[in-house]
Amino acid sequence: MAAPSTSKAEKAYIQASLQASPPLRADGRTLLDFRTILLETGVAPLANGSARLNIGKATQEGGGGTEVLAATKLEVEDVETGDGVDGGRLVCSVTCSPSAYPHMSSIALDELQYDLTTILNQTLSHPSLHPKNLSILPGKKSWLLSLDLVVLADAGNVFDALFMAARAALWDTKVPRTRAIQYQTRRSGYASKNTDAMEVEGESNITSGFDTRDMARAAADFELPDYWDEGEVLDGRDRWPVCVTLNLLPPVHFLDATLPEEASTTIKLLLAFSFPSNTQSSLQAMRLTGSGEVVLAQMKLLMADGERYAREVFHALELKLRDEDIRRNVKARDKFTVR
Amino acid sequence: MSSRVEILNDGGYRSDGRRQYELRDVNIDLSQQGTADGCCTISHGLTQVLVTVFGPREAKMRSQTLHDRAVINVEMSVLPFSTGERRRRARADRRILELAATIKSTFEPVVQTTLYPRSQIDIFVQVLQQDGGLLHACINATTLALISAGIPMSDFVCAVSGGVHATSPLLDLTMLEENDLPHMTVAVMPRTSKVTLVALETRLHVDRFAEIFSLAGEAGQALHREMRRAVRGRTGRLVGVMETGMKQPIGGEPLERDVVMDDRMDF
């Protein structure tokens, strides 16, 4: 993942300037500053929820920065015969565009993709984060929520970008409303509250080959009622975690590393925190990657720091997502009425 | 009355409100993507393709180079959420390999590969959304990406798809039309009116072929104007920025600047 060629001297130079006091970074940020993050939701019209995120795009047309595209798609799965799970399931996959890693061979790219997928999937499909409204018919049908992330360009700090994009896409996801259909005999006269009973009218003494009223069945299928919006939001919107990557260069650590900085730090600590609105924050994932060692006593401090940074990222992201919601719904509606 | 969508109604309109020979909205974005040498995002209606070009550069594998010209390497990937139904396609999918090979053979005669012996030009195609006309979107995007990478080519390559409904030819088909009609993709070089690609996967009556073929040639010219305008717009902007950067500081020494090349393009 490192820049294709960073010489020893260059690495030493970057390390020394990061450890200097005051610390210096090539783009003038302090150790805990992030680059500019750009986010847009609803970018893929064929997906149920989508987001495009860019960290560190140059202000002019210049481009650059880490760019991630995330989208969710819902599919119906059969629990009895297919490989569905009662209550639905979430599957993540990460694809890396070869243009993001132009110096990598396709085998190395596959490995990287696999690594990223594992981390995302293990964190996001954990039962503690599972959304409650992915079930259609209990024991029969459920939604498969597949979250696909694509790294279009990598300019460092790809993990934070992936988690943020994943959170934005999941936040944007709308689950279509479903209504259970039940075929029932006339005599039983029972209809549960939220199932739509389809009763066949007619005389009961007529026996016809087409009369299937005696075949009593429970909710057999579902339909998609027509409604003005695309469905209800995915449950547990506020639980999806955000990740901060602490790049450790004892005695300091810094956030949002660029590619040369990533190449010159040996050890990275990934911390994914979730901040549910009613309860305390929880640590959803932690990874220590790279070679090197960390003093155990320092870990605790790093985690406390990480939580603080993650909370800031979380709040900023939450604000932006709400803003996007308003932009796409309220403002679009206003624009429409003006026309 | 069937519930099927009418491909071409009595008023001469298609399902998306276009006339027979009307092309969809073309949107060209040539802004920089990551570390690529050239890139282009093009959208024909709802079909959207991103192409990035790297090179000419040293090949990853030495054994694949040729001693007298550059090798063009095309890799294509389709995003899993680009279609209505989610489908994961491996990079070695037959269909994708075929499309990539088609793109490669389209550009081999146009790119002046003999200028860069023992090197490689990488073309990475990402399909972001598809709604018919995938191949022609890929080819148009690749042309623009190669141009923005500054790779010498003998001409633009402008591709467009055409089909026939009953006896009336249509241009730039959507997914819905593509599923029902015989269709083909034609790539033309507008300056010389040469054709570098004709791809026909369905059966088409011989009498209709010539008609669509000449229509596609004309549509290629129209696309060429659009593409040239995008390239000129971007180049003009870059030159403008360069000039403001080169402005002579007040009272200082005049900066040495590049020799202005003859920027007149006679197409």
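Per chain, numbering begins at 1; letters A, B, ... match sequence-line order.
- Among all heavy-atom pairs drawn from Gln129(B) and Val43(A), the shortest one is NE2-O, 4.0 Å.
- Taking every heavy atom of both residues into account, Thr52(B) and Ser99(A) meet most closely at OG1-CB, 3.0 Å.
- No other option in Pro102(A), Ser50(A), Ser97(A), Ala47(A) has as many heavy-atom pairs under 4.5 Å with chain B as Pro102(A).
- Within 6.0 Å of atom OH in Tyr13(A), 12 or fewer heavy atoms from other residues, nucleotides or ligands are found, so the atom counts as exposed in its surroundings.
- Within 6.0 Å of CZ on Arg229(B) lie no more than 12 heavy atoms contributed by other residues, nucleotides or ligands.
- If you measure heavy-atom distances from Phe81(B) to chain A, the contacts under 4.5 Å come from both the backbone and the side chain.
- In this structure, Leu46(A) and Ser82(B) approach most closely via the heavy-atom pair CD1-O, 3.2 Å.
- Separation of atoms CG (Asp148(A)) and CG (Leu79(B)) is listed at 8.5 Å; rounding is to 0.5 Å.
- The most heavy-atom pairs under 4.5 Å with chain B, out of Ala153(A), Gly65(A), Ser93(A), Ala71(A), come from Ala71(A).
- Taking OG1 from Thr35(B) and NE2 from His103(A), the interatomic distance works out to 9.0 Å, rounded to the nearest 0.5 Å.
- Here the CG-CZ distance, from Leu128(B) to Arg52(A), works out to 6.5 Å after rounding to the nearest 0.5 Å.
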